[in-house]
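The structure appears below as structure tokens.
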Protein chains: 2
Amino acid sequence: MSDPTQKPSLDVGASPAFVKQNLRVWLKMLKATKHIEATMREKLRMEFDTTLPRFDVMAALYRFEEGLKMSELSSALRVSNGNVTGIIERLVSDGAVLRVPVVGDKRAMLVRLTHKGRDEFARMAAAHELWINDIFSSLPPDTTARLSSIFDTIEHSRGLIAGDDHA
Amino acid sequence: MSDPTQKPSLDVGASPAFVKQNLRVWLKMLKATKHIEATMREKLRMEFDTTLPRFDVMAALYRFEEGLKMSELSSALRVSNGNVTGIIERLVSDGAVLRVPVVGDKRAMLVRLTHKGRDEFARMAAAHELWINDIFSSLPPDTTARLSSIFDTIEHSRGLIAGDDHA
DNA sequence: GTATGAAATTTCAAGCTTGAATAATTACCT
DNA sequence: AGGTAATTATTCAAGCTTGAAATTTCATAC
């Protein structure tokens with residue numbers, strides 16, 4: 001959430017030119033990201049008749065064969081609890097996901113992909129990987145390497161952006 | 001589509017290493033973008049009791065004082081037609097937006113900010129700019145400049161990502 | 001044991017988003 | 001003119017998303 005040690009924006013380094021420059025960069029990054037996301041959304045719908053949220057949920061479950069608790073799932077995806085409930089409901093009724101009670105804790109539910117779900121996701125993930133590759137390999141030569149370098153630097157800098165992903 | 005310049009294996013199957021690398025970069029970019037977006041969403045809600053979609057609509061209308069047709073608005077924001085209808089409805093009932101019939105075309109509606117809407121947006125935009133600045137100026141030194149360089153290159157390359165924004 | 005609070009999940013209302021269907025108007029063509 | 005196609009906007013169903021409230025269960029203290 002919000003960091004209590006965060007200072008109000010009275011930074012000395014906030015010269016108007018830099019402020020505008022930061023805003024411009026953010027808007028460009030946002031636009032590029034949304035464009036790619038929209039492409040993935042459309043392709044998932046056209047070729048697999050599914051949605052991006054479902055894909056994201058299945059991706060998380062795919063990584064954890066043993067299953068995840070609902071709370072683990074929602075915090076992994078950084079979405080609200082109530083959100084996951086609905087998506088899982090539909091995945092269950094489609095036979096892609098299985099709900100298993102957790103022994104020793106009657107509150108919790110373990111959620112995991114069915115065999116069918118794993119197969120489906122494996123095919124979607126392979127396609128998704130290629131779609132992304134198509135886009136990035138059509139960009140100017142060093143784009144991926146340069147972006148990679150930037151995001152690595154950010155991650156190692158304890159910046160406000162880096163996710164605390166243990167992977 | 002494929003333009004082999006420096007990377008090996010662009011045209012044919014794309015080497016597995018590059019495919020994975022592209023995917024990794026995309027996931028990092030997506031995560032960073034979503035994190036910033038979530039921050040903006042939360043701040044808009046906390047400090048101005050509004051939402052990101054409303055902010056986006058108002059931003060578009062702010063740029064066009066004379067107003068925009070619904071179709072222009074939805075294509076500017078790259079969202080569906082039906083989407084804008086609902087958001088505008090709420091903005092109208094909040095007194096931030098005005099609907100004006102277009103002379104000579106009984107189908108079209110011109111939508112523009114009211115005085116109150118302009119004032120509100122001006123305050124939100126100023127805050128938003130500083131929030132973004134806070135984030136980007138907390139990143140490693142050259143981050144903004146390097147990202148800017150990348151996105152400029154992409155724009156000038158007629159890549160698949162660049163938006164055709166004439167402004 | 002019992003109370004009190006924390007944790008896990010679901011439910012809910014409100015709003016966002018999409019694609020498709022509908023309705024109304026305008027543009028074009030012969 | 002008359003007919004067909006394209007444009008403009010709204011409506012609709014389905015699904016996504018959030019934050020808050022409600023429920024059930026667990027853990028800890030007393």
Inset, instruction - Could you tell me the separation between the CE atom of B:Met70 and the P atom of C:dA23, rounded to a whole number of Å? - result: 19 Å

Inset, instruction - Would you jot down, in residue-number order, the residues of residues 47-61 of chain B having a non-hydrogen atom under 4.0 Å from DNA chain C? - result: B:Thr51, B:Pro53, B:Arg54

Legend entry - Residues that B:Glu37 engages under salt bridge (charged side-chain N to carboxylate O under 4.0 Å, His left out), provided they are two or more places apart: A:Lys34

Inset, instruction - For DNA chain C, find the residues of residues 103-113 of chain B with a heavy-atom distance under 4.0 Å and give them by number; none if there aren't any. - result: B:Gly104, B:Asp105, B:Lys106, B:Arg107

Inset, instruction - Check salt bridge (charged side-chain N to carboxylate O under 4.0 Å, His left out) between A:Lys43 and all other residues, then give those that pass, not counting sequence neighbours. - result: none

Legend entry - Rounded distance in Å - CG (A:Asp94) to C1' (D:dG15): 12 Å

Legend entry - Residues which pass ring pair (Phe, Tyr, Trp, His ring centres under 6.0 Å) with B:Phe151, listed by chain and number, not counting sequence neighbours: none

Inset, instruction - Could you list the residues that satisfy salt bridge (charged side-chain N to carboxylate O under 4.0 Å, His left out) with A:Asp105, not counting sequence neighbours? - result: A:Arg107

Inset, instruction - For A:Tyr62, enumerate each residue passing the ring pair (Phe, Tyr, Trp, His ring centres under 6.0 Å) test, keeping only those at least two apart in sequence or located in another chain. - result: A:Phe121

Write down the protein N/O and nucleotide N/O pairs, taken from nucleotides 18-20 of chain C, whose separation is under 3.5 Å; answer none if there are no such pairs.
residue	atom	partner	partner atom	Å
C:dT18	OP2	B:Ser80	N	2.9
C:dT18	OP2	B:Ser80	OG	3.4
C:dT18	OP2	B:Asn83	ND2	3.3

Legend entry - With B:Thr114 via side-chain contact (heavy atoms from CB on, under 4.5 Å) - residues at least two apart: B:Leu98, B:Lys116

Legend entry - Distance below 4.0 Å between B:Thr85 side-chain N/O and D:dA9 OP1 or OP2: no

Inset, instruction - Could you list all the ring pair (Phe, Tyr, Trp, His ring centres under 6.0 Å) pairs where at least one residue sits in residues 96-119 of chain A, not counting sequence neighbours? - result: none

Legend entry - Sole residue of B:Ile150, B:Ile132, B:Thr144 in side chain to side chain contact (heavy atoms under 4.5 Å, CB included) with A:Val25: B:Thr144

Legend entry - Which residues share a side-chain contact (heavy atoms from CB on, under 4.5 Å) with A:Asn81, sequence neighbours left out: A:Ser74

Legend entry - B:Leu61 side chain reached by B:Leu68 side chain, heavy atoms, under 4.5 Å: yes

Legend entry - Separation of atom NZ in B:Lys69 from atom C1' in D:dA9, rounded to whole Å: 11 Å

Inset, instruction - Send over the distance from B:Glu89 CD to D:dT10 P, rounded to a whole Å. - result: 7 Å

Inset, instruction - Output all residues satisfying salt bridge (charged side-chain N to carboxylate O under 4.0 Å, His left out) with A:Asp94, sequence neighbours left out; order by chain, then residue number. - result: A:Arg54

